[in-house]
There are 2 protein chains.
Amino acid sequence: MKISTRGRYAVRVMLDLALHNTGEYIKVKDIAKRQEISEKYLEQIISILNKAGFVHSVRGAQGGYQIADDPKKFTIGMILRLTEGSLSPVACLESESNQCERCDTCETLDVWKDLTAAINNVVDNVTIADLVEKHNSSISYDYVI
Amino acid sequence: MKISTRGRYAVRVMLDLALHNTGEYIKVKDIAKRQEISEKYLEQIISILNKAGFVHSVRGAQGGYQIADDPKKFTIGMILRLTEGSLSPVACLESESNQCERCDTCETLDVWKDLTAAINNVVDNVTIADLVEKHNSSISYDYVI
DNA sequence: TATTTTCCTATTGACATAGTATGAATTATT
DNA sequence: AATAATTCATACTATGTCAATAGGAAAATA
């Protein structure tokens with residue numbers, strides 16, 4: 001029941017791009033340095049985000065990445081589902097084709113349905129913008145104290 | 001983000017033992033047949049339940065297993081945590097020693113905390129007795145219709 | 001042309017999952 | 001006492017995923 005680094009790093013990449021969205025393109029190298037993540041591994045992860053249109057890229061010197069839309073538009077759920085696949089804790093709830101023959105009489109299925117709903121309810125109601133806001137408010141606390 | 005067969009089978013074993021709790025000891029072979037799970041694999045899983053005291057066993061001919069207490073006493077969460085380990089989706093929330101150095105400034109940590117709480121809230125509020133009840137009520141529907 | 005960057009794909013080591021296999025220990029039955 | 005039935009313990013295996021690492025091609029800028 002773990003979210004892999006792939007999914008967690010993807011969220012951090014999106015947040016990093018949102019926080020540093022000055023108009024310039026942001027290099028993987030810089031994200032990797034800030035987030036303390038392997039450059040080469042990050043390349044793979046950001047490539048997933050890129051293919052899905054969550055970020056857009058410019059190649060070559062002075063190239064890099066930008067977040068592709070308003071941070072409000074990206075929920076944690078979207079990012080995790082993209083990078084991790086379905087967040088349902090059992091395969092039977094992913095698609096019709098994954099259903100087993102016991103589904104009709106499965107006494108435990110409702111638990112997994114409730115669990116899936118609870119998970120979705122959390123991750124679909126937090127956006128990158130929320131994390132940006134949280135970050136900014138914690139920054140200003142540092143100032144005040 | 002998947003619950004493995006180990007955890008899911010463990011829940012089904014506990015439910016099976018609760019449903020067939022006539023006073024006789026129930027053989028792995030019978031559970032395996034009803035649940036369509038490999039006998040040998042089930043042995044390993046029920047052995048975990050046994051060591052934790054969730055079931056108790058009698059060896060030898062006519063031996064087998066019984067659920068060790070009132071089905072109300074066993075939540076899905078207890079069973080899953082026993083067989084799967086922590087249900088927290090990130091390692092940082094499992095124990096002090098798993099915390100990384102970025103914990104203090106980690107903007108995503110709150111999401112994982114909320115997610116953990118949501119998961120726990122579901123699995124800790126469903127007991128084996130609830131599943132028994134659900135099973136019995138669906139049985140009686142079959143009668144009526 | 002040289003440099004910087006993204007893009008693409010292959011490979012690797014470690015680990016977990018989902019079993020299978022073998023047999024020892026224990027108890028009831030005959 | 002012998003046999004059969006059962007749990008208990010441990011080792012093994014095949015497959016897959018994770019978390020990278022590695023090497024270079026393609027594109028854009030300077």
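Below, chain A is the first sequence line, B the second, and so on; all start at residue 1. Computed from a prediction, not measured in an experiment: that's the story for all the values here.
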remark   = In B/S/- notation (B base, S sugar-phosphate only, - none; protein heavy atoms under 4.0 Å), nucleotides 14-23 of chain D written 5' to 3' is ----SSBB-B
key: Residue from A/Val13, A/Leu15, A/Asn21 passing side chain to side chain contact (heavy atoms under 4.5 Å, CB included) with A/Ile67   = A/Asn21
request  = Walking along DNA chain C from 5' to 3', note the first and the last nucleotide with an atom under 4.0 Å from a heavy atom of chain B, and give both.
outcome  = C/dT17 to C/dA28
Test salt bridge (charged side-chain N to carboxylate O under 4.0 Å, His left out) applied to B/Arg81 and B/Asp124, step by step = CA-CA 10 Å; B/Arg81 280 188 204 95; B/Asp124 291 336; 3.0 Å; yes
inquiry  = I want to check something: taking the side chain as every heavy atom from C-beta on, are A/Val132 and A/Asn136 in contact at a cut-off of under 4.5 Å?
reply    = yes
key: Within one Ile-Leu-Val-Met-Phe-Trp-Tyr cluster: B/Val122 and B/Leu93, side-chain cutoff 4.5 Å   = yes
query = Under 3.5 Å, is there a donor-acceptor pair between the B/Tyr41 and B/Thr5 side chains?
reply = yes
Look for any protein N or O under 3.5 Å of an N or O in nucleotides 25-30 of chain D and output each such pair with its distance, or none.
from	atom 1	to	atom 2	distance (Å)
D/dA26	N3	A/Arg59	NH2	3.2

inquiry  = The test is salt bridge (charged side-chain N to carboxylate O under 4.0 Å, His left out); show your working for A/Glu43 and A/Lys29 and say whether it passes.
reply    = CA-CA 9 Å; A/Glu43 271 186 20; A/Lys29 192 191 283 188; over 6 Å; no
query = Between D/dA9 atom P and B/Ile45 atom CD1, what is the distance in whole Å?
reply = 16 Å
message = Is there a continuous path of hydrophobic side-chain contacts, each under 4.5 Å between heavy atoms, that joins A/Leu115 to A/Leu109?
response = yes
ask   = Any idea which heavy atoms bring A/Thr83 and A/Ala10 closest together, and the distance?
value = CG2-CB, 3.5 Å
request  = Describe the nucleic acid contact of B/Tyr25 in one word from base, sugar-phosphate, nothing, applying a heavy-atom distance below 4.0 Å.
outcome  = nothing
key: Distance, rounded to the nearest Å, where B/Lys29 contributes NZ and D/dT7 contributes C1'   = 13 Å
Minimum heavy-atom distance between A/His20 and A/Arg34, given as atom pair plus value = CE1-NE, 3.2 Å
request  = Would you indicate what A/Lys2 reaches in the nucleic acid, counting non-hydrogen atoms under 4.0 angstrom: base, sugar-phosphate, or nothing?
outcome  = nothing
Aromatic plane relationship, A/Phe74 with A/Phe54 - under 30° parallel, 30 to 60° tilted, over 60° perpendicular = tilted
